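Fair warning: this is a prediction, and the values are worked out from it, not measured in the lab. Basis for what follows: all heavy atoms, side chains included, without hydrogens, waters or symmetry-related copies.
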Amino acid sequence: TTPIVMAGVGDPVGSGLVTNLARPDGNITGNSILAPELIGKRLEILKEFVPGLARVAFLWNPDNDSNLAFLEELIIAVPSLGLQLISAPMRTSDDFERAFAGMMQRQPSAFVTTADPLIQRHIVKVINFMASHRLPAMYQLKENVVAGGLMAYGASLSDSFRRGAWYVHRLLQGAKPAELPIEQPTKFDLVINLKTAKA
């Protein structure tokens with residue numbers, strides 16, 4: 001019976017939170033950052049940035065349904081761009097070293113990841129690893145580039161949370177979650193860390 005406002009969810013329909021974006025059922029509403037739908041565009045940008053790009057490593061968390069949607073989109077996008085995908089799954093913070101080692105054995109020429117909470121809690125470790133191996137990396141969040149990552153393309157997570165406050169305000173005024181369509185972003189940022197690019 002308690003209304004729930006989601007903010008910055010990657011794939012609300014695919015993860016089973018709602019069945020319809022225009023008219024969410026039950027007590028859940030909020031916004032999406034269209035994360036899985038943009039992974040193909042991230043790869044296109046990465047391919048333009050990295051001459052001779054052949055193999056892309058993907059660090060992801062199989063326990064996050066939105067990450068599964070990322071993988072499905074990558075499986076479609078990678079062949080159309082003439083690339084090979086290197087899957088590097090990890091489920092706990094103890095899995096990073098194993099995931100990195102398995103990924104590097106296959107000699108990736110670039111790297112992509114998601115805004116999964118587990119990965120974001122350890123993003124400095126990820127950024128430092130990519131820098132130490134001089135591996136071009138594409139992130140989902142601008143904040144990852146500010147922290148030293150090479151580049152990011154996506155919707156603003158901070159804007160998503162600000163819009164979440166609007167939903168809370170509407171619900172407190174008596175609106176029902178099912179009456180508030182789930183918003184999708186219309187603005188996307190491409191951010192490049194020039195210092196990292198030069199390195």
* About how many Å separate CG of L190 and CD1 of I45, when rounded to the nearest 0.5 Å? -> 5.0 Å
Below 3.5 Å, can you tabulate the donor-acceptor pairs from side chains in residues 146-158 to any protein atom, sequence neighbours excluded?
unit_1: S156; atom_1: OG; unit_2: S158; atom_2: N; d: 3.4
unit_1: S156; atom_1: OG; unit_2: S158; atom_2: OG; d: 3.0
unit_1: S156; atom_1: OG; unit_2: D159; atom_2: N; d: 3.1

* **Gap separating the NE2 atom of H122 from the CG atom of D95, nearest 0.5 angstrom** => 10.0 Å
* Listed partners of R121 passing side chain to side chain contact (heavy atoms under 4.5 Å, CB included), at least two apart -> P117, L118
* **Partner set under side-chain hydrogen bond (donor to acceptor under 3.5 Å, both in side chains) for S109, not counting sequence neighbours** => none
* Asked: Under 4.5 Å between any side-chain heavy atoms of M103 and F111, yes or no?
  -> yes
* Closest contact, heavy atoms only, A197 versus F49 -> CB-CZ, 4.2 Å
* To do: For the pair Q120 and N144, evaluate side-chain contact (heavy atoms from CB on, under 4.5 Å) and give the outcome as yes or no after the intermediate values.
  => CA-CA 8 Å; Q120 291 304 307; N144 298 160; 2.8 Å; yes
* Separation of K47 NZ from L43 CG (nearest 0.5 Å) -> 9.5 Å
* List in chain and number order the residues that pass side chain to side chain contact (heavy atoms under 4.5 Å, CB included) with E72, two or more places apart in sequence or in another chain; answer none if no residue qualifies. => none
* May I ask whether V168 and V9 are part of the same hydrophobic cluster, defined by side-chain heavy atoms of I, L, V, M, F, W, Y residues being less than 4.5 angstrom apart, directly or through others? => no
Donor-acceptor contacts, no H, no angles, side chain residues 81-92, under 3.5 Å, sequence neighbours left out:
unit_1: S87; atom_1: OG; unit_2: W60; atom_2: NE1; d: 2.8
unit_1: R91; atom_1: NE; unit_2: D63; atom_2: OD1; d: 2.8
unit_1: R91; atom_1: NE; unit_2: D63; atom_2: OD2; d: 3.4
unit_1: T92; atom_1: OG1; unit_2: D94; atom_2: N; d: 3.2

* Going by heavy atoms in the side chains, are V145 and I192 under 4.5 Å from each other? -> no
* Asked: Is the shortest heavy-atom distance from the side chain of M104 to the side chain of L135 under 4.5 Å?
  -> yes
* To do: Mind checking salt bridge (charged side-chain N to carboxylate O under 4.0 Å, His left out) for D65 and listing every partner two or more places apart, or none if nothing turns up?
  => none
* To do: Keeping to residues at least two apart or across chains, list the salt bridge (Lys or Arg N to Asp or Glu O under 4.0 Å) pairs with something in residues 165-174.
  => none
* To the nearest 0.5 Å, tell me how far I75 CD1 sits from I39 CD1. => 12.0 Å
* Kindly check if the number of other-residue, nucleotide or ligand heavy atoms within 6.0 Å of CZ (R23) is above 12? => no
* Structure fact -> CE of M6 to CD1 of I33, rounded to nearest 0.5 Å, is 11.5 Å
* Asked: Hey, is the main chain of D11 close enough, under 3.5 Å, to the side chain of S32 for a donor-acceptor pair?
  -> no
* **hydrophobic_cluster_shared for V50 and L38, side chain cutoff 4.5 Å** => yes
* Where is the tightest heavy-atom contact between V5 and G30, given as atom of each residue plus distance? -> CG1-CA, 4.3 Å
* So, does T114 use its side chain to make a donor-acceptor pair with the main chain of N67 at under 3.5 Å? -> no
* To do: Check Y139 against T113 and note the closest heavy-atom contact, atom names and distance.
  => CD2-CG2, 3.7 Å
* I119 and F58: same hydrophobic cluster, using ILVMFWY side-chain contacts below 4.5 Å? -> no
* To do: Group every Ile, Leu, Val, Met, Phe, Trp and Tyr by side-chain heavy-atom contacts under 4.5 Å, then state whether L172 and L180 land in the same group.
  => yes
* Asked: Do any pairs count as a salt bridge (Lys or Arg N to Asp or Glu O under 4.0 Å) and have a residue in residues 102-118, sequence neighbours left out, and if so which ones?
  -> none
* Asked: How long is the gap from OG1 on T29 to CG on L171, to the nearest 0.5 Å?
  -> 7.0 Å
* Counting only heavy atoms not in H169, do more than 12 sit closer than 6.0 Å to its NE2 atom? -> no
* To do: Could you walk me through whether M138 and V56 pass the side-chain contact (heavy atoms from CB on, under 4.5 Å) test, one step at a time?
  => CA-CA 10 Å; M138 170 65 84; V56 178; over 6 Å; no
* Common cluster, V18/I4, ILVMFWY with side-chain heavy-atom separation under 4.5 Å -> yes
* **Those residues that, when tested against R163, pass side chain to side chain contact (heavy atoms under 4.5 Å, CB included) (two or more places apart)** => N31, W166, E183
* Structure fact -> Residues P177 and P24: closest non-hydrogen pair is O-CG, 3.7 Å
* Among all residues two or more places apart in sequence or in another chain, which pass the side-chain hydrogen bond (donor to acceptor under 3.5 Å, both in side chains) test with D189? -> none
* With sequence neighbours excluded, tell me which residues meet side chain to side chain contact (heavy atoms under 4.5 Å, CB included) with Q107. => R55
Enumerate, atom names and distances included, each donor-acceptor pair closer than 3.5 Å involving a side-chain atom of residues 124-134, sequence neighbours excluded.
unit_1: N128; atom_1: ND2; unit_2: V124; atom_2: O; d: 3.3
unit_1: S132; atom_1: OG; unit_2: N128; atom_2: O; d: 3.3
unit_1: S132; atom_1: OG; unit_2: F129; atom_2: O; d: 2.9
unit_1: H133; atom_1: ND1; unit_2: F129; atom_2: O; d: 3.1
unit_1: R134; atom_1: NH1; unit_2: A199; atom_2: O; d: 2.7
unit_1: R134; atom_1: NH2; unit_2: A199; atom_2: O; d: 3.0

* Asked: Any idea which heavy atoms bring L17 and I28 closest together, and the distance?
  -> O-CD1, 3.6 Å
